[in-house]
Amino acid sequence: GQNIDQPTEMTATEGAIVQINCTYQTSGFNGLFWYQQHAGEAPTFLSYNVLDGLEEKGRFSSFLSRSKGYSYLLLKELQMKDSASYLCAVKNYGQNFVFGPGTRLSVLP
Amino acid sequence: KAGVTQTPRYLIKTRGQQVTLSCSPISGHRSVSWYQQTPGQGLQFLFEYFSETQRNKGNFPGRFSGRQFSNSRSEMNVSTLELGDSALYLCASSLRTENTEAFFGQGTRLTVV
């Protein structure tokens with residue numbers, strides 16, 4: 001089976017940088033995805049890593065280490081609108097996405 | 001390009017009834033997956049369809065079923081509803097089954113009373 005772990009909650013201040021970690025145990029790894037979900041809304045795609053290293057997309061970056069089963073999502077210059085849940089999801093070959101429990105981020109003024 | 005459309009948005013049913021939820025994927029997307037989201041369990045995978053064939057199924061009882069039509073639209077059905085089936089049901093569509101992100105619909109909020 002698969003196991004994905006994320007911190008349950010995090011708090012940060014507007015303008016700061018926050019790193020949300022995700023660890024996973026899986027076989028047949030075929031990509032790690034990060035999604036953002038605001039309360040009462042659908043998850044929206046943020047980033048995708050299939051090779052080791054850092055992917056940067058504006059204020060958001062995602063890192064992957066396949067050998068360590070580890071990823072993180074880095075959010076820079078935090079804004080109030082970044083308050084949301086952040087979901088880490090792993091895809092294996094021929095199988096469905098498996099989502100982590102999500103990390104609820106609160107951005108304080 | 002229209003996004004993923006789920007209908008209805010909200011539904012209230014009583015225990016023992018059955019319900020059918022609908023999902024229209026993004027045009028050109030052939031993969032549709034269904035998820036149940038509850039505060040305690042997070043996003044739980046129900047099933048995935050590609051070209052009218054079920055590719056994967058999650059650990060849900062047989063009361064949960066689904067299908068996909070030739071135009072890629074999908075439906076899921078829950079029979080003999082239980083209180084614990086109250087949840088947000090999300091549909092996601094993808095262009096392919098591998099190496100591609102999933103786009104989610106707004107979901108159907110099902111309340112069983």
Side-chain angles (χ1 to χ4, degrees), chain A residues 1-9 20 22-24 26-52 55 57 60 62 64 66 71 73 84-105, chain B residues 2-7 9-10 21 23-26 29 31-50 53-60 64 66 74 76 87-109 111:
Chain A
Q2 298 187 66
N3 192 34
I4 302 176
D5 284 317
Q6 303 177 236
T8 305
E9 291 191 32
I20 302 174
C22 171
T23 58
Y24 63 91
T26 187
S27 57
F29 178 84
N30 191 29
L32 188 140
F33 297 74
W34 284 94
Y35 283 82
Q36 179 192 60
Q37 186 177 25
H38 285 100
E41 297 183 14
T44 55
F45 170 76
L46 288 177
S47 70
Y48 165 61
N49 296 72
V50 67
L51 299 176
D52 290 352
E55 293 283 339
K57 240 187 195 182
F60 292 18
S62 57
L64 175 68
R66 289 172 296 171
S71 173
L73 180 69
S85 286
Y86 291 86
L87 309 173
C88 167
V90 172
K91 187 80 163 66
N92 287 345
Y93 281 104
Q95 296 182 33
N96 50 278
F97 283 97
V98 177
F99 281 83
T103 298
R104 187 160 56 218
L105 173 67
Chain B
V4 179
T5 304
Q6 289 189 247
T7 56
R9 289 291 310 278
Y10 302 93
L21 312 182
C23 172
S24 293
I26 292 171
H29 285 197
S31 175
V32 174
S33 298
W34 288 89
Y35 296 85
Q36 181 194 66
Q37 188 173 36
T38 58
Q41 297 295 317
L43 265 168
Q44 301 288 311
F45 171 74
L46 281 156
F47 19 68
E48 178 188 14
Y49 288 89
F50 183 80
T53 301
Q54 187 180 89
R55 293 187 75 244
N56 290 298
K57 189 176 191 304
N59 291 326
F60 279 82
F64 291 80
S74 177
M76 68 162 278
L88 179 66
Y89 290 88
L90 290 162
C91 163
S93 81
S94 303
L95 189 60
R96 304 180 298 273
T97 57
E98 307 292 346
N99 302 112
T100 182
E101 68 266 33
F103 295 85
F104 284 84
Q106 292 297 306
T108 295
R109 173 76 62 187
T111 303

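Throughout, a chain's letter reflects where its sequence line sits, starting with A, and its residues are numbered from 1. Just so it is clear, the values below take in all heavy atoms, side chains as well, and ignore hydrogens, waters and symmetry mates.
- Residues satisfying the ring pair (Phe, Tyr, Trp, His ring centres under 6.0 Å) criterion with B/Y49, sequence neighbours excluded, are B/F47.
- Minimum interatomic distance between B/N56 and A/N96 (heavy atoms only, all atoms of both residues): ND2-N, 3.6 Å.
- Proximity to chain A (any heavy atom under 4.5 Å) is shown, for B/A92, by neither the backbone nor the side chain.
- When all heavy atoms of A/F45 and B/E101 are compared, the pair lying nearest together is CD1-CB, 3.3 Å.
- Expressed to the nearest 0.5 Å, how far OH of B/Y35 lies from CZ of A/F99 amounts to 5.0 Å.
- With rounding to the nearest 0.5 Å, the separation of NZ in A/K91 from OG1 in B/T100 is 9.5 Å.
- Annotation for B/R55 and A/G94: closest pair NH2-CA, 3.8 Å, computed over non-hydrogen atoms.
- Note on A/P43, A/A42, A/G100: by heavy-atom pairs under 4.5 Å with chain B, the leading option is A/P43.
- Both the backbone and the side chain of B/L43 come within contact range of chain A, each with at least one heavy atom under 4.5 Å from a heavy atom of that chain.
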**OP:** Starting from the C-alpha separation in whole Å, work towards a yes-or-no answer on side-chain contact (heavy atoms from CB on, under 4.5 Å) for A/F97 and B/E48.
**Re:** CA-CA 10 Å; A/F97 283 97; B/E48 178 188 14; over 6 Å; no

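- When the salt bridge (Lys or Arg N to Asp or Glu O under 4.0 Å) test is applied to A/D52, the partners found at least two apart in sequence or on another chain are A/R66.
- Highest contact tally toward chain A, considering only B/Q41, B/Q37, B/K57, is held by B/Q37 [criterion: heavy-atom pairs under 4.5 Å].
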